[in-house]
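Notes follow once the structure below has been shown.
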Amino acid sequence: MTDNRFLEIAVSAQICALPLLSVREVIYVPEITALPNMPPYFEGMMNLRGKILGVIDLRKRIFGKKPPPNPEQREVVVVVESERGEIGVIVDAVIRVLSINEADRVAAPVRESDPVSRYVEGVIKKPDELVLILNMLKLLDIATPGSPARSAA
Amino acid sequence: MDDFEIELKNDFIAEALMNLEEAEQAFMELETSSSPAELLNKIFRLAHNLKGGSRAVGFPDVAEFTHQLENLVLKLKEGQIALSPLNVTTLLKSNDRLMQMLSGLKDNLEARFSNEDLISEIQAWLNPSAAPPVAVAEPEAPVPQEDSPPLSVPADAISEAEAFFCGDLPEEAVDPSVAAAFEAAMEAELALQAESAPAKETPPPPPQAQAPALASVPTPSPAPAPATPTAASAKGHAVEKDELVRVSLSKIEYLNNYVGELIILQSVLQQQSIGSSNTLLQASIHQVSKLSKEIQALSMSLRMFPIRPVFQKLNRVVRDTAQAVKKDVLFETIGEELEVDKSVIDHLGDPLVHILRNAVDHGLEASSDDRVRAGKSPKGRVTLNAFNEGNQLVVQVRDDGKGINPDVIREKAVQKGVIRTAQGMSDQEAIMLIFHPGFSTKSETSEISGRGVGMDVVKTNIEAIGGKVTVDSVVGAGSTFRIVIPLSLAVLDGLVVASSGDTFVVPLNQVQETLNLARLKVFHVEGVGECIELRGSVIPIYSLSDRLKKGAIPRSSEVLRNKVALLIKTKDCVVGVAVDNVVSTQQIVVKPLGEDIRKQKGWLGSCILGDGRPTLIVNMTELFEGDVTLKDWKESVAA
């Protein structure tokens with residue numbers, strides 16, 4: 001069964017989408033405790049009403065770095081549930097819930113050289129832009145190579 | 001099969017499984033009891049209920065089997081067959097078979113079973129070729145209800161409480177339509193759900209309750225409708241005690257989680273209120289803190305269960321082992337009413353099975369003659385004892401056998417290559433070698449124990465739940481195994497420490513002592529690093545933050561000067577772990593880390609501190625275990 005609703009999010013300059021049914025909630029960034037010995041995009045853990053969840057920064061995960069702070073935008077944590085449990089994902093902003101026609105959804109072009117395409121499951125065609133549907137499992141998998149910028153960081 | 005029927009069957013299975021556990025206990029007592037008649041009555045009732053119930057809900061294999069079993073119990077009860085360990089074994093085997101069948105039915109309600117083997121074993125008891133008991137059996141058996149309306153039975157199959165109170169009455173007297181019977185059964189269940197538990201907790205039924213059950217056998221009296229009066233009588237009995245209700249474990253776990261959060265929020269409140277001039281606020285927060293602590297204590301106690309069921313199963317283990325190795329064993333249990341956290345109970349069974357098998361097989365002398373020659377009673381004695389010591393649970397297994405000879409252990413250990421040399425090894429150290437993987441003193445392995453894996457597993461299992469196991473043994477006088485485990489796995493006493501700007505929690509039971517490094521001389525040992533000398537031994541010092549970050553280890557005597565060292569005993573040796581300072585000790589609720597975080601070595605879990613911040617709990621013994629430097633270090637010290 002495929003659900004055709006997505007949550008549109010801003011990750012740096014790129015508009016991405018997460019399957020709506022995998023999104024548990026959206027909160028402002030809470031206090032995060034760093035953990036030793038984790039990849040740079042892994043921010044640490046947060047206390048979500050008594051439950052402890054890991055937090056990753058999606059900007060660092062995909063693009064290897066955070067954009068400069070934008071005073072007009074407040075970063076948020078999207079709590080996402082996947083087969084690997086719940087995790088918090090920091091993004092620049094949540095834009096809207098998107099309901100699409102199956103016809104608007106196309107397979108993602110595979111370009112191994114592009115770090116982003118490794119995490120992309122599909123693309124939503126909109127009149128003025130393309131929205132990338134992210135594959136959370138691949139994003140969470142530490143074995144998936146990160147962007148080249150990460151090793152430089 | 002409609003939903004109602006499925007529910008009815010499942011209810012029956014759940015109830016029957018509990019009955020079987022009780023029956024097993026009664027079977028075990030049969031061998032030692034001075035008044036087996038009472039026990040046989042009880043067993044008979046249980047078997048009878050099971051038979052009626054299983055037939056009514058449509059489990060013909062179970063019904064047929066219990067019918068045979070019931071006949072055997074009846075003959076034992078009436079003294080036509082004398083009780084012997086051999087027929088008790090048949091009874092226990094039958095009980096096992098019933099458990100198997102019911103578990104099988106639990107998975108598949110349509111499952112069928114073949115019990116020809118055991119039925120013929122029972123038949124052999126019933127019809128020994130010489131005896132003429134066949135004629136006696138049928139008329140006297142209070143079980144000629146083959147033709148009675150079986151659908152009235154669920155009423156007493158559903159609740160054990162009823163078993164005590166109504167015996168055969170409903171079967172004999174009631175002849176309702178199918179629907180009416182089911183309805184009555186459901187009513188009875190609803191009415192009894194609350195009361196069934198206390199009735200179960202009263203193993204010997206009060207005489208007056210037992211009387212009507214027995215009386216009903218010869219004279220089927222005009223019985224009342226099945227549901228209402230039994231419920232009432234159960235109630236009448238329960239009033240004397242506190243009433244009990246059955247609650248699912250997951251509900252209790254939810255409650256505990258929320259209470260844990262409440263406690264955290266409460267301490268956040270308390271911290272925020274410090275310095276506030278609002279006295280009403282301060283007083284209220286104080287009040288809330290008192291209340292929430294009481295709620296926490298209560299909710300924690302909901303997870304506590306008596307250790308009795310574990311002990312009961314062990315009873316069986318000792319009996320079977322003793323029979324297999326042909327030894328005469330007197331098994332005593334003390335402290336079975338002790339209440340222990342569910343999670344601890346779940347982890348305690350297997351290690352105790354190993355230890356008890358060992359005590360009977362290896363610990364006790366090979367024969368009663370050997371014991372008499374050693375000036376002991378011919379019967380070997382094994383004692384299982386549980387008690388609380390501080391915040392910990394102690395379980396001891398003591399045998400009065402031949403004890404563990406440290407010289408034999410040393411010799412074997414060298415022979416098996418477990419150790420290179422036994423020189424300088426104390427007797428106590430030698431005895432602890434029995435927990436070494438691949439160590440077994442018995443030359444040939446036996447069915448029961450002696451594969452050389454048991455004791456190793458015991459140690460690993462107990463340590464996995466934060467416990468310790470030790471042995472004391474006196475040659476010729478016996479051995480005592482002592483298991484010490486925390487009362488609860490969910491809550492632990494933690495030491496909150498600060499290290500390089502981060503806060504961590506260390507389980508208090510891992511810390512042997514804390515040392516102020518400013519008062520000790522820290523010196524550098526080439527190839528090892530910074531060390532201190534404490535009471536004659538040299539202890540390496542590591543920085544916690546450096547260690548956690550796995551990076552190079554920049555240690556210098558200067559850096560360590562103003563730190564605090566926690567002494568941690570690992571498998572390999574004692575190490576000192578330097579932290580900036582110890583912030584506090586506090587009770588913490590251990591929470592699992594997310595999937596993506598879990599895999600790191602030395603991380604035990606996380607918890608939420610008073611200020612609401614999530615914090616890492618460090619498993620020190622794991623973090624410093626298997627360290628190459630440490631192993632070399634130990635060998636160089638030993639050399």
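No experiment lies behind these values; they were computed from the predicted model shown.
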Side chain / backbone / both / neither for B:Thr615 at chain A, heavy atoms under 4.5 Å: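 It is the backbone, since no side chain atom gets that close.
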A:Lys126, NZ atom: more than 12 neighbouring heavy atoms under 6.0 Å: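 Yes, NZ of A:Lys126 has more than 12 neighbouring heavy atoms, counting only those of other groups under 6.0 Å.
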Least distance between heavy atoms, B:Ser606 atom then A:Met45 atom: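 Looking at all heavy atoms of both residues, the shortest contact is CB-SD, 4.0 Å.
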Gap between atom CG of B:Leu616 and atom CG of A:Leu35 - 0.5 Å precision: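 Nearest 0.5 Å value for the CG-CG distance: 5.5 Å.
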